[in-house]
Amino acid sequence: MNTSLSPALNNLPPALQNNPLLTFGRGLAAYSAVKPEHITPAIQFLLKHAQEAVDVATDAKTPPSWDALAEPLEDATEALGRSWGVISHLNSVADTPELRAAYGAMLPEVTAFFSSLGQNLALYKKFKELSKSPEFARLNRAQKKVIENSLRDFRLGGAELSDADKPRFSAIQDEQAVLGKAFSDHVLDATDSFVHLVGNEADLIGLPEDVKAAAADTAQQKGLQGWAFTLHFPSYYPVMQYCENRALRRLMYEAYVTRSSELGPQFANGKLDWDNSQNMLDQLRLRDEEARMLGFANFAALSLAPKMANTVDEVDLFLTNFANKAKPFAQRDWDELCQFAKTELGLTDGVQPWDTAFAAERLKQERYSFSENELKQYFPLPKVLDGLFGVIQTLFGVKIESADLPTWHADVQSFAVKDQAGKIRAYFYLDPYARPGKRGGAWMDDARGRRELPNGEIQIPVAYLVCNFAPPVKVDGVLRQPTITHDDVITLFHESGHGLHHLLTQVSALGVSGINGVEWDAVELPSQFMENFCWEWEVLEKMTAHVDTGKPLPRELFDKILAAKNFQNGLMTLRQIVMSLTDWRLHSHFDPKNAQGQAVLDLSRKMAAEFNVIPQPEISRWINTFSHIFAGGYAAGYYSYKWAEVLSADAYSAFEEAAKLTGSVLDPKTGSRYREEILEVGGSRPAAESFKAFRGREPSIDALLRHGGLA
């Protein structure tokens, strides 16, 4: 389906006719053909085209109807959004100085356009007319929800502000976009800049062979002799987890936790230009100003307008109650770890931050008689993918097959999702491995949304699934299958849950299809739901094969990892709640206007002192790389992970109940109900209604506490 999104793209000026950001129509971009010089002319053309559509929509002659108002406007903004989405995606997975500069040059203009759209009073009035017209009653549920969401977004976008206030409101949006990008760039640069070379293999005792092979490979790529370690997680974390060399662990830890801070140059080969301290303060001031201009007491209150939670106090109470429930379990975990480290590892001076992961891994091995590295050998990525696809196909009645879509890197794979009749319902990409120029972490993003076109055809959705697993390496001259940890398996299932929410939608109005329009504190439900299958024997048995012998995971090893499932979960749960409370208090109880210097760091320390059981090390500047809230859309929303976990655990308990009757959690009947009531409806109705339609009742926290061993 390559028809253009709008007539203007069928008649491009000669200078733009070969621009890959303008020629892919409703198809997919030729990612590898996109060059930095394509960005400015393409986006300027699309901005002009989108503005012309806005002018037509606000013309007095344009009737306030779905066909004349909402759909043409959606066409124009989708064309801009999809091309800009390609650029943003490449900026995240294939960063170069030239691409970054071109992206940064157009970011203010794109931000300004969407800001002006949200403030357009004439457009707001047109949508209000549509909502009050007889036609509104004839629209389907999804279309009505699009209009209702649009009216809300106009109010939150400043449409009701005075003409005197609107320029400042626009400037706030522009400045926030620039600061968010700078924050992300600083983290990426600080991560990429650090390389530590080890010349003596005796300094690497305890490290698994594949980790050493990857470090040797990194050194070779950089023209160095020895073993090179970076701050990319697949390189950094195994050192913290396995390396017996305490000095090396300390060096790596200090470099990692001082990235993008004033200490970066001292510990992490960084630059003071990458210090995010002032950036965080500036962002918090702008968010606070934005909220107050819209009549909210703080940014946290503003953030709740499109969410499930109702009040600032409700979220604060949810988090503090959860912290109080988790704290005794976390204290028990910490006391056990400290005692073990003292008596068994000889750490008589106490567990230091660079010892925590190492001591925890040793305690886990002693208690459960297995190591994460031993377990990792049973998870070759191709076999894991087969297992994941098997779960999806069994539960949701679809087929997943390899596809041949245009990609941006040789490692990227693409797949088609088909129904039982063989009709393609969606596509998705998987970009699995860490590499320089690629943002860390894992995420799912929308490459194309589902919608019904004016000619009645359905535009099928496309998603990006991005991870940062360790790439395959040569061992003894042989390229070894890439293996991933069980935590990586959970990450893959998590992101696939987001993907399924986007890919299996049956909603045809773009604004609420798939993940679009879903409340932010419910959007993690499908992702966290999928994680539960990673702890089921009937799933793991079929998705494991030892990288050397090909044998599946032994039942006795599975029983050990199941017994260890909640190992140190009190500490991990409390850590996530402290991060959530830090985010929440920064946006609800913090005074950014009068704050100076390290005030953001000070608040993060205060939260740790009040709620955590592990002392916060003086050197730690973890907040300076908290990209979720300063560059990733989770500002005043990090609590959503725990909020949605209540929903996801309760949803999964329906499959546990089915298993008592059928003998399998992979119950197609329950899977079909889940697909229909949660995945297919997307954002076309409130998440609370979707949950109740699936479970038949309000959510309960009991399943989450039980699953986490916190009951």
Side-chain angles (χ1 to χ4, degrees), residues 368 370-403 413 415-420 428 430 432 442 465 467 469 472 480-500 503-504 526-565 648 651-672 674-675 679 707:
Y368 303 106
F370 78 94
S371 73
E372 288 294 335
N373 187 58
E374 175 192 1
L375 183 58
K376 177 182 175 183
Q377 308 313 312
Y378 287 96
F379 292 109
L381 182 57
K383 186 70 174 177
V384 173
L385 287 175
D386 287 345
L388 168 63
F389 296 166
V391 170
I392 293 168
Q393 290 168 161
T394 302
L395 286 177
F396 305 129
V398 296
K399 302 173 186 174
I400 299 176
E401 297 177 3
S402 252
Q413 303 170 59
F415 301 90
V417 181
K418 298 181 177 180
D419 63 22
Q420 290 299 318
F428 67 94
L430 175 65
L465 302 185
C467 299
F469 304 145
R480 183 183 172 94
Q481 275 197 88
T483 56
I484 62 176
T485 67
H486 187 246
D487 281 346
D488 290 337
V489 174
I490 293 171
T491 295
L492 182 62
F493 271 66
H494 179 103
E495 298 309 331
S496 75
H498 282 309
L500 291 167
L503 299 171
L504 297 187
S527 55
Q528 292 172 334
F529 164 81
M530 286 296 293
E531 294 181 20
N532 291 284
F533 293 102
C534 301
W535 299 99
E536 298 289 352
W537 171 244
E538 65 177 299
V539 174
L540 290 193
E541 184 184 22
K542 294 183 180 69
M543 63 185 283
T544 53
H546 194 280
V547 69
D548 294 324
T549 68
K551 292 182 179 179
L553 183 74
R555 178 66 198 232
E556 57 269 27
L557 183 50
F558 168 77
D559 290 340
K560 290 174 183 177
I561 69 167
L562 192 61
K565 177 187 175 187
S648 64
Y652 189 73
S653 65
F655 290 79
E656 294 175 314
E657 291 160 13
K660 292 175 183 176
L661 300 173
T662 66
S664 172
V665 290
L666 299 179
D667 179 48
K669 188 176 178 182
T670 310
S672 177
Y674 177 84
R675 187 193 71 227
L679 301 178
H707 289 169

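Small disclaimer: the values here were computed from a predicted structure and weren't measured.
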Stepwise, does the side chain to side chain contact (heavy atoms under 4.5 Å, CB included) test hold for Thr483 with Tyr378?
-> CA-CA 8 Å; Thr483 56; Tyr378 287 96; over 6 Å; no
Test log, rule side chain to side chain contact (heavy atoms under 4.5 Å, CB included), inputs Phe655 and Phe529 | CA-CA 11 Å; Phe655 290 79; Phe529 164 81; 3.4 Å; yes
Which atom of Gly550 lies closest to which atom of Ala545, heavy atoms considered = O-CB, 3.7 Å
Report yes or no: do Asp488 and Thr491 form a side-chain donor-acceptor pair below 3.5 Å?
-> no
Is there a donor in the side chain of Gln413 and an acceptor in the side chain of Ser402, or the other way round, less than 3.5 Å apart?
-> no
Does the ring center of Tyr652 lie less than 6.0 Å from the ring center of Tyr674?
-> no
Which residues pass the ring pair (Phe, Tyr, Trp, His ring centres under 6.0 Å) test with Phe370, sequence neighbours left out?
-> none
With sequence neighbours left out, the residues meeting salt bridge (charged side-chain N to carboxylate O under 4.0 Å, His left out) with Glu656 are Arg706
Where is the tightest heavy-atom contact between Met530 and Leu500, given as atom of each residue plus distance?
-> SD-CD1, 4.1 Å
Step through the shown structure and confirm whether more than 12 heavy atoms of other residues, nucleotides or ligands are within 6.0 Å of NZ on Lys565.
-> yes
Set of salt bridge (charged side-chain N to carboxylate O under 4.0 Å, His left out) partners for Lys376, sequence neighbours left out | Asp210
Closest heavy-atom pair, Thr670 versus Ala658, reported as atoms and distance to 0.1 Å, is OG1-CB, 3.4 Å
State whether the side chain of Gln377 and the backbone N or O of Asn373 hold a donor-acceptor pair below 3.5 Å, judged by distance alone.
-> yes
Does any N or O in the side chain of Ser496 come within less than 3.5 Å of the main-chain N or O of Gly499, such that one atom is a donor and the other an acceptor?
-> no
Please check if the side chain of Asp667 supplies one atom and the backbone of Ser664 the other of a donor-acceptor pair under 3.5 Å.
-> no
Nearest heavy-atom neighbours spanning Arg675 and Phe396 = NH1-O, 3.0 Å
Output every pair passing salt bridge (charged side-chain N to carboxylate O under 4.0 Å, His left out) with a member in residues 544-553, not counting sequence neighbours, ordered by first then second residue.
-> Arg480-Asp548
Quick one: sort the Phe428 and Phe415 rings into parallel, tilted or perpendicular, breaks at 30° and 60°.
-> parallel
Results of ring pair (Phe, Tyr, Trp, His ring centres under 6.0 Å) for Phe493 - residues two or more places apart only | none
For Glu401, check salt bridge (charged side-chain N to carboxylate O under 4.0 Å, His left out) against everything at least two apart and list the hits.
-> Lys418
From Asp386 CG over to Met543 CE, what is the distance, rounded to the nearest 0.5 angstrom?
-> 9.5 Å
